[in-house]
Structure formats: structure tokens, C-alpha cells
Colleague: 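Supplied in C-alpha cells, the structure appears directly below.
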There are 2 protein chains.
Amino acid sequence: MPSAPQECGDCPIRHKAVCARCDGDELALLEEIKYYRSFEAGQTVVWSGDRMDFVASVVTGIATLTQTMEDGRRQMVGLLLPSDFVGRPGREFAAYDVTATTDLVMCCFRKKPFEEMMGRTPHIGQRLLEMTLDELDAAREWMLLLGRKTAREKIASLIAIIARRDVSLGLRSKSQRLSLDIPLTREAMADYLGLTLETVSRQMSALRKDGVIVLEGKRHVVIPDFDRLIEEAGDDSDGGFLV
Amino acid sequence: MPSAPQECGDCPIRHKAVCARCDGDELALLEEIKYYRSFEAGQTVVWSGDRMDFVASVVTGIATLTQTMEDGRRQMVGLLLPSDFVGRPGREFAAYDVTATTDLVMCCFRKKPFEEMMGRTPHIGQRLLEMTLDELDAAREWMLLLGRKTAREKIASLIAIIARRDVSLGLRSKSQRLSLDIPLTREAMADYLGLTLETVSRQMSALRKDGVIVLEGKRHVVIPDFDRLIEEAGDDSDGGFLV
DNA sequence: CGATGTGTTGAACGTGGTCAAATGCGGTGG
DNA sequence: CCACCGCATTTGACCACGTTCAACACATCG
């Protein structure tokens, strides 16, 4: 089981999560209604349609939101990183499957008290609005990927997204030789990209053969030339860096 | 030019738009900073990357948000109906092309005063959060469509979406013989669905041949059996009716 | 060891894309 | 009234990309 922090003061997502704008007093109130839950890689947090009596922030690890059709076709519709928010105030049942793809720690708030607090504390709603607008932008970028990009472009885009995230989390600077772990199985990548896992595997091999990426093991990728990768992704250069 | 209403009291979107929760005083303040703009079908409202010094609500008509890649591939990422909100508080440049697909009237607010008012009037931010969360849900539904549905399912889904909207706007009851106009060209449908316009046309013909829909002219569709349509769309039955 | 999970690769197939031509419809002008 | 044009749409023929089905490689774990 991954371990959890205790105090909001120490919290690694303090300044990015839904609580980011809260002052000391507000934080103290939140601290009273919060509790941590941990999940191991592969565990399901909630199933679509289940009653969900909490909302939460991802503290560490990665979770996914997926939708499933009756015949089993699956599409990932959200990739939740540390500080991202799970659940919707005012909604009683989960709309998506939430799954831990790595070991995961979530900071949970019982829904009722959280909603009451939202009414009294504009800072929370303001921050949640900001985060939701960001997610909507990300979803729209994703729609372009799903609707119009080739398999090769989709793979390159995914790697670029992960690389940018690592940079923005301060894990490494842009100038260094870029190297990163893909925290997803080939199947999860396929669910993300609207492909089959075979196509994912083939295109990874193709990008490797063409020197766009270097594979070190199955999950570790080195990017010798980031601009080349962006080009392969079909994105406007620098898209995603300016806001 | 389509004509515009004058008073918030008469406004057809009064109780659904971003101003829905505002009381009389707040509405009076909004009334001072609002102005109407009209566009003819086909006109562009703003181009992606342009400076955008206003935010707005769609009053009547339909607009689209689209993203374009350098080589011209286009993906629609938003379909804006009456009461939907355009623009993002705090953002200076438009992130998407906004186009009027029918004659369009928008209720605009200059961005600066609107942002200031948001700070002082929680009702606006609250409502905007609600609307943004709804849009995010819609975007995720759309992602499933783009990533995993067949061309035939995509077409059936689009028709079902339009039909549901017409019902929810009270234009017709569910029990009646369903009949609706598609307010999009075949090309716009293709941009919406991540298809080519030829495939859209072919699948429309196929659904007609199989009796799922009846075409009366190019843009008017009769749905003899709504459940059959839903089945063709690959959706859970009743998906979208319960919230 | 075999069993299981994860990933790679190959061959055949089919859906949807591409390119091209034809059709239909509304508007404009002779 | 009809000829003509422009545009949206339909239809056809062919092709390619990504899927499907299958075999195989490799690591971890009982």
C-alpha cells in the first residue's frame, strides 16, 4: 500500500489541487473532512453507475477514467495525474470507471460536507472552475487526436503529452536529454488513443525503427529530438507550452 | 441579420444561460455590460489565435468550435446551442475557430467587466462551473464516439443527439412521430464525427435503405422508431435521459 | 517447471478514405 | 420560361490503414 501524507502543509499538491486557493482557515476546515485512501496498481476505485459518496484529489500516482460499451469496446476519457480532481459535486452516481494504473493515493472528501463547504467558500468553486476549464481544453485536444490523427501521430502525441507533463511537474528540464516512463500498458495506451493494442505495439516499433524514439525496456522511452517528435505528432510546434 | 431581444426579462435563455442564477439586481448589472451581436449562417465569429475581448452566450442559432491542423484536417470540438457559453474568462486569445452554422445571435459581455463581476457575483461562477461540467461530460461522450464507434454508429448517434436536444428544448414530445432538421451540412457532420463527407453521405443512405431513418430532402429526417435508432447508435438504452 | 500476463510480429481482411464523376437543386440572367 | 452556373450531395471504383486472428517471445511467479 502506498503511504499517505498527513498534513495539508506537507501536501505535494497543495498549490495545484482544488484546495489551491484556500487560505489557512479554509484549509483547516477542509482538513477536518478529508481522509486518505490508497489503491494498488490495477485496482478499481469506482465502477460507472456506482453510488459515489465522495469527491477526491489525486495525491500521488495515476488513475484513468474509462467508458465501456455493452459489447466491451472501451475508451479512456480522462487521465488523472497528481492534483487532478475526481467526481462531480451534485452527482450521486459515478459516470465512468475510475481505475488506478499505478499505486495511487487519493485525498477524499465526503460529498455532502464538501458541497456545503463549496457553498460557503468561493475559493473552492473558483479553483474547481479553473481546473474544469483546463480539463475541457485537454478533452478537446484529445478529440482532435481521436477524430483526425493517424495511428503514428497518436502514438507520438501521447509520448509528447507525457514528456510535457514530466517537464511541467519539474521532473526534468526541457533542455536535458528527455527520457521518460510510460505509466500505461499497451492496452491502456490503446484505450487512450482509440486503437488496438497491436497497432500501438506496431507503431511504437515503427517510431523506434525510424529513430524518433529509443526504447529501453517496454516502458521506458528516450527522446533524442523533441522537435522531431512534435513534428511526428502533427501538432503545431510549441502547442501546449503557451497557455 | 437575425434580430435580437432587448431585455433580459424577455430573453429566451434567461433560465439556462450563465446568468440563470442571477437575481434581479445582478441581472441589472449584467444588463449594463451586455450587447448583442448577430451573424449570418456561415460567418466566422472568431478565428483561433485571435484576440477575443468578450465572452458570450448563444441566444438563438447554432455555432461550432473547430480545431484545424496545418494540413487542413479539421475536427469539430464543440457544438454550441442556445444558452451555451463561448469564451473563457481569463484567456486572452481564442483557442478555437468559432463559426455560425445558422443565423446566430449572441449576447456578449466585454471580458474585463465580466471577469470583475464574476469576482463579486458567485452566482455567475457557480452557474458557469455547472455548465462547464456538463460540457466536459458531453465532450467525454463525444470521445467515446470518436474513438470507438463505427461510421454507422456515429451517424445514428448524431441524429439521436439532435433528436434528444429537440425534445429537451420542448420542441416536440418523445411520444410523437419524431421528425427533425439537421442544422449541419454533410461536411460539418463529417467534422463533428471524425469522418469524410463521402462516408457521412454513404451511411445516411445506408440508414435510409435499412429503414432506420426517412429522409425528406437533404436536411430533414423522420425517425419511425427511436429505440431502433438508439440501438444503431450503440448507446445504452436511455443513456442521456437520466442525469 | 508450467502458468500467466504483457508485448511483438505476421498474414488476411474490411472499413473507411481517396479520387473522380454524376446528380440534384436553387438562383440568376437572358 | 428555360439555359446556365454554383454548390451540396450522392454514388462508384479503388486503395490503404488499422483491425482481426493467430503464433510467438519474454518475464515473473506459483
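Computed from a predicted structure; not experimentally measured.
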Colleague: Would you verify whether the NZ or CZ of A/Arg164 falls within 45 degrees of the ring axis of A/Phe226 while also being under 6.0 Å from that six-membered ring's centre?
Modeller: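 No, A/Arg164 does not sit over the ring of A/Phe226.
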Colleague: Reckon A/Leu195 touches a base, only the sugar-phosphate, or nothing at all at heavy-atom distances under 4.0 Å?
Modeller: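 Sugar-phosphate contact only - A/Leu195 comes under 4.0 Å of backbone atoms but never of a base.
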Colleague: Please state whether the base of C/dT9 and the side chain of A/Arg208 form at least one donor-acceptor pair under 3.5 Å?
Modeller: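 No, no donor-acceptor pair under 3.5 Å.
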Colleague: Looking at A/Arg186, does any N or O in its side chain come under 4.0 Å of the phosphate oxygens OP1/OP2 on C/dT8?
Modeller: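 For C/dT8, OP1/OP2 do have a side-chain N/O of A/Arg186 under 4.0 Å.
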Colleague: Quick one: is C/dT6 close enough that its OP1 or OP2 comes under 4.0 Å of any side-chain N or O from A/Thr185?
Modeller: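 Result: no.
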Colleague: In terms of the nearest nucleotide of DNA chain C, which residue is placed more toward the 5' end: A/Leu184 or A/Arg148?
Modeller: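 So the residue in question is A/Leu184.
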Colleague: Check the phosphate of D/dT9 against B/Ser201, side-chain N and O only, distance under 4.0 Å to OP1 or OP2. Yes or no?
Modeller: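 The answer is no; no side-chain N or O of B/Ser201 sits under 4.0 Å from OP1 or OP2.
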Colleague: When you check the phosphate oxygens OP1 and OP2 of C/dG7, does a side-chain N or O of A/Arg219 lie under 4.0 Å from one of them?
Modeller: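 For A/Arg219, the contact criterion (side-chain N or O under 4.0 Å from OP1 or OP2 of C/dG7) is met.
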Colleague: Would you say the side chain of A/Thr66 lies within less than 4.5 Å of the side chain of A/Gln75, judging by non-hydrogen atoms?
Modeller: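 No; the side chains remain at least 4.5 Å from each other.
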Colleague: Taking the nucleotide of DNA chain C with the nearest heavy atom to each, does B/Lys218 or B/Val200 sit closer to the 5' end?
Modeller: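 Result of the comparison: B/Val200.
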Colleague: So if I take every side-chain heavy atom of A/Thr150 and compare against D/dG18, D/dT20, C/dT18, which nucleotide ends up nearest?
Modeller: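 Nearest to the side-chain atoms of A/Thr150, counting from C-beta on, is D/dG18.
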Colleague: Judged by each residue's nearest nucleotide on DNA chain D, which is more toward the 5′ side, B/Leu215 or A/Thr199?
Modeller: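 This one resolves to B/Leu215.
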Colleague: Taking the six-membered ring of B/Phe54 as reference, does the cationic atom of B/Arg37 (NZ for Lys, CZ for Arg) lie under 6.0 Å from its centre and within 45° of its axis?
Modeller: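 Geometry flag: set, cation within 6.0 Å and 45°.
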Colleague: How long is the line joining CD of B/Glu187 and C1' of D/dT9, in whole Å?
Modeller: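 Answer to the nearest Å: 12 Å.
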Colleague: When you get a sec, tell me which of C/dG16, C/dT18, D/dT19 is the closest nucleotide to the side chain of B/Arg202?
Modeller: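 Between C/dG16, C/dT18, D/dT19, the one nearest the side chain of B/Arg202 would be C/dT18.
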Colleague: Counting only side-chain nitrogens and oxygens, does A/Ser205 get under 4.0 Å of the OP1 or OP2 atom of C/dT9?
Modeller: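 For A/Ser205, the contact criterion (side-chain N or O under 4.0 Å from OP1 or OP2 of C/dT9) is met.
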